[in-house]
Amino acid sequence: MPQTIAVLDFGSQLTQVIARRIRECQVYSRIFHYSTPAETLRKENVIGIILSGGPQSVYSRGAPHPDPAIFELGVPVLGVCYGLQLMGHFLGGEIEHSKAREYGHGVLTVLKPGKLFAGLPRKLRVWNSHGDKVTQLPPGFRPIGTTENSPFAAVEDAKRGFYGIQFHPEVFHTERGVDMIRNFLLGVCGAKQDWTTRDFIAHAIEGIRAQVGKGRVILGLSGGVDSSVAAALLHKAIGRQLTCVFVDNGLLRKDERDSVERLYGRHFHIDLRVVDAAKLFLRRLKGVSEPEQKRKIIGRTFVEVFEKSLKSIGHAEFLGQGTLYPDVIESVSIGNNPASLIKTHHNVGGLPARMKLKLVEPLRELFKDEVRRVGEALGLPREVVWRQPFPGPGLGVRVMGDISADKLTILRDADAVLHDEMMRSGYYYKVWQSFCVFLPVRTVGVFGDERTYDYVIAVRVVESTDAMTADWARLPYDLMQKISGRITNEVRGVGRVVFDISSKPPATIEWE
Ligand code: XMP
């Protein structure tokens, strides 16, 4: 079991960011529910604990509190924001409740570098977001840093390895924040930096072999990053015991099926079965225009086709899936966390339990950026590892209203032009997503001497870090001109190209 840094989650939206920063320092981290018993942490080989921030006041009714025994485990603890207040509260200090939240930039003055601020400048810009404040330190503690508003912005009890900071080291607005985290991990906890891509791959391969034995694994390959990396990893571990199934639902982009066949079949020599179900999907979608209805039909049909394909493959005991760590973290929801689902974002890989297959999920421990690194190390090309997100229902939600083969052809051709220009200009990798949307409205134009009456293509290019919010990308005008010129010239049936300048919220990234 690797050395583990436990991040106790008190409901901050930044908990996952803390866990990721730790792993960027090549130290393994796991997120635990705030109430996890100290004994459990001990058994998990925890060598240090970080208490996350949280939206509550330590004195509020129902405020999340940790098992007090975590302070007796003999391992270092770093409290961040709410975590610092918890330390104050549990270790004998005093906290003052303040109604006003201090929010935004502050300047930290380091009084004593000690282990936490070793090698850092004496003045640092830091990011604050907190309500309560520690007003009296617990016995054994002393201040090591102050801000304009707080004499106890950073505190330590070096003997026990307890540290508390009022600001958030995990966000980029805090200068040298990652160095503070690294100092805590290496200098205070004595972590060994044994979480590297190479070690992960070696362990994962061992784990897969131990779990699967001589069994057979089936994996639904979508061409997306997660299933691609899962396939490459499983293939490295068990070779021909892996069979990948790729369903052509008729809603793919141009050449997508060919490139999957080329890469996995011919390059990696993976046992790849391509199921051509385009006709079935289009038949079922005929005349359906309501987006959620379309999604449901596409999801259901996928499961059906996939299940049927398993029968023809023969017996298998395992289903491989590219599940990632953020999908398995049990999220702590405190107060009114606005994590509302607006669309039914089913992952078409989610198959019903009735298939009676055991799951193999070799990426369960990883964050997305780690998955990409594993993909690169396994030799997957850049186009796959850094591919933009693509929705499970594919072009099905990019043809507005009801879908037909003709509309799909127009959209596919327009999208291929956009993709080509984004790649040539290098913008493909700079933005979050870039795609075309088919609008079933006809507008008037002139082509040569003729009057035309053709469809509209909307170009959607957005920047984002997590798809929760997004802004339209400010592409250079020359590039926009080229995209629009090429689409109207090269794609028959398109008379007009518009560029979507809506941000999310209120608009979503996809149009349906
Ligand atoms: P929205 O449109 O809600 O999209 O801003 C946020 C992100 O999710 C993707 N998306 C989907 N992914 N199935 C998926 O697997 C879906 O039904 C679906 N709808 C949207 C979208 O491309 C964006 O990255």
Decide, yes or no, whether a salt bridge links [X] with [Y] under the criterion of side-chain N to carboxylate O below 4.0 Å.
| X | Y | answer |
| --- | --- | --- |
| Asp271 | Arg273 | yes |
| Arg284 | Glu304 | yes |
| Glu206 | Arg209 | no |
| Asp402 | Lys294 | no |
| Arg424 | Asp420 | yes |
| Arg387 | Glu256 | yes |
| Asp369 | Arg372 | no |
| Arg398 | Asp415 | no |
| Arg492 | Asp413 | no |
| Arg373 | Glu376 | no |
| Glu24 | Arg21 | yes |

Inset, instruction - State whether Tyr429 and Arg382 meet the cation-pi test: NZ (Lys) or CZ (Arg) under 6.0 Å from the six-membered ring centroid, and within 45° of the perpendicular axis. - result: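 Judged by the rule, Arg382 and Tyr429 form a cation-pi pair.
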Legend entry - Arg474 to Trp472, cation-pi by 6.0 Å centre distance and 45° axis angle: yes
Legend entry - Exceeds 12 heavy-atom contacts within 6.0 angstrom, atom NZ of Lys368: yes
Legend entry - Name of the residue among Leu408, Thr409, Ile457 meeting side-chain contact (heavy atoms from CB on, under 4.5 Å) with Phe438: Ile457
